[in-house]
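Numbers here are sequence positions counted from 1. All heavy atoms count here, side chains included; hydrogens, waters and symmetry mates do not.
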Amino acid sequence: MNEKILKIINLFKKNEYDKALKLCDEIKDNSVKHIIYNIKGSIYHKKHRPELSKENLLKSIEIKSDYIEAYKNLYLVSLENRNYNDAIKYIKELINLEKNINPISSYQLGLVYEMKGNFTDAIENYKISDKLGFKDRKILFNNLGNAYLHNKNVNEAEHYFLKSLEFDNSNLTVLDNLFNF
């Protein structure tokens with residue numbers, strides 16, 4: 001990888017954002033511009049500048065339309081700013097780029113649907129994530145239980161809360177959810 005990019009990443013990790021941005025602006029190599037814009041988007045995100053973050057991330061995918069990292073970051077920025085429609089849009093684009101095989105992206109789509117209050121779509125995407133082999137089944141099943149509970153399907157909610165407990169029978173969040181419904 002480009003030596004300057006590695007230096008920028010190290011500055012980013014040390015929270016030296018202004019120095020990292022300055023170094024980003026010094027790079028003139030067009031073959032890495034999409035990476036630079038992605039990094040700048042991440043830096044502006046850390047600096048709590050959501051508009052500049054989004055602007056740079058969009059420039060990244062404008063240059064390289066299949067740049068997965070920029071879509072991941074656009075999703076995260078949108079989610080953190082509670083712009084659920086954009087989060088859905090970017091995670092769906094990411095899922096298409098990944099050819100619908102990444103359980104994490106399907107889980108993230110389910111999560112944003114749940115946050116938006118669309119529990120039917122949340123359930124559908126959580127189940128896709130499960131079929132694709134999402135590893136943290138305790139969290140997945142707890143989220144499925146919550147989504148079913150919000151959809152007033154108490155039997156399915158209980159089923160998934162109990163499945164979650166099979167992975168950690170002392171998880172206070174799951175126990176609380178189970179007792180509260």
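At a threshold of 4.0 Å, the pair Asp86-Lys54 counts as salt-bridged, since one of the basic side-chain nitrogens sits closer than that to a carboxylate oxygen. A salt bridge links Lys22 with Glu26: at least one charged nitrogen is closer than 4.0 Å to a carboxylate oxygen. A salt bridge between Lys72 and Glu69 is present, with a side-chain N of the basic residue lying under 4.0 Å from a carboxylate O of the acidic one.
Of all the heavy atoms in Met115 and Leu79, the pair that sits closest is SD-CD1, 3.5 Å. Scanning both residues, Ile139 and Asp136, for their nearest heavy atoms gives CD1-OD2, 2.9 Å. The two residues Val77 and His45 make their nearest non-hydrogen contact at CG2-ND1, 3.4 Å. When all heavy atoms of Lys33 and Ile63 are compared, the closest pair comes out as CB-CD1, 3.8 Å. Nearest heavy-atom pair, Gly145 versus Ala157, reported as atom, atom and distance to 0.1 Å: O-CB, 3.4 Å.
A distance-only check finds a donor-acceptor pair linking the side chain of Tyr71 to the backbone of Ser65 [under 3.5 Å]. In terms of modelled atom types and a separation under 3.5 Å, the side chain of Asn151 and the main chain of Asn153 share no donor-acceptor contact.
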Result block: side-chain N/O donor-acceptor pairs under 3.5 angstrom for residues 102-109, not counting sequence neighbours:
{"residue": "Asn102", "atom": "OD1", "partner": "Ile104", "partner atom": "N", "Å": "2.9"}
{"residue": "Asn102", "atom": "ND2", "partner": "Glu98", "partner atom": "OE2", "Å": "3.0"}
{"residue": "Ser105", "atom": "OG", "partner": "Glu98", "partner atom": "OE1", "Å": "2.7"}
{"residue": "Ser105", "atom": "OG", "partner": "Glu98", "partner atom": "OE2", "Å": "3.4"}
{"residue": "Tyr107", "atom": "OH", "partner": "Asn143", "partner atom": "ND2", "Å": "2.8"}

Show the atom names and distances, to 0.1 Å, of all donor-acceptor pairs under 3.5 Å that link a side chain in residues 37-44 to residues at least two apart or in another chain.
{"residue": "Asn38", "atom": "OD1", "partner": "Asn73", "partner atom": "ND2", "Å": "2.9"}
{"residue": "Lys40", "atom": "NZ", "partner": "Asp25", "partner atom": "OD1", "Å": "2.9"}
{"residue": "Ser42", "atom": "OG", "partner": "Asn38", "partner atom": "O", "Å": "3.2"}
{"residue": "Ser42", "atom": "OG", "partner": "Asn73", "partner atom": "ND2", "Å": "3.4"}

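When the shell of 6.0 Å around NE2 of His150 is examined, it contains 12 or fewer heavy atoms from other residues, nucleotides or ligands. With a 6.0 Å radius and a threshold of 12 heavy atoms from other residues, nucleotides or ligands, Arg49 has its CZ atom at or below the threshold.
Take Lys47 and apply the side chain to side chain donor-acceptor pair (under 3.5 Å) test, not counting sequence neighbours, and it matches Asp18.
In this structure the side chain of Phe141 reaches within 4.5 angstrom of the side chain of Asp130, judged on heavy atoms. No side-chain heavy atom of Lys138 sits under 4.5 Å from any side-chain heavy atom of Asn142. The closest side-chain heavy-atom distance from Leu165 to Phe161 is not below 4.5 Å. Counting only heavy atoms from C-beta outward, the side chains of Ile36 and Asp29 never approach each other to under 4.5 Å. Residues Ile128 and Asn125 meet the side-chain proximity criterion, which asks for heavy atoms closer than 4.5 Å.
Taking the six-membered ring for Trp, Phe12 and Tyr17 have ring centres closer than 6.0 Å.
Taken to the nearest 0.5 Å, the CD1 atom of Ile61 stands 12.0 Å off from the CD1 atom of Ile68.
Tyr126 and Glu114 form a side-chain donor-acceptor contact under 3.5 Å, judged by distance and modelled atom types alone.
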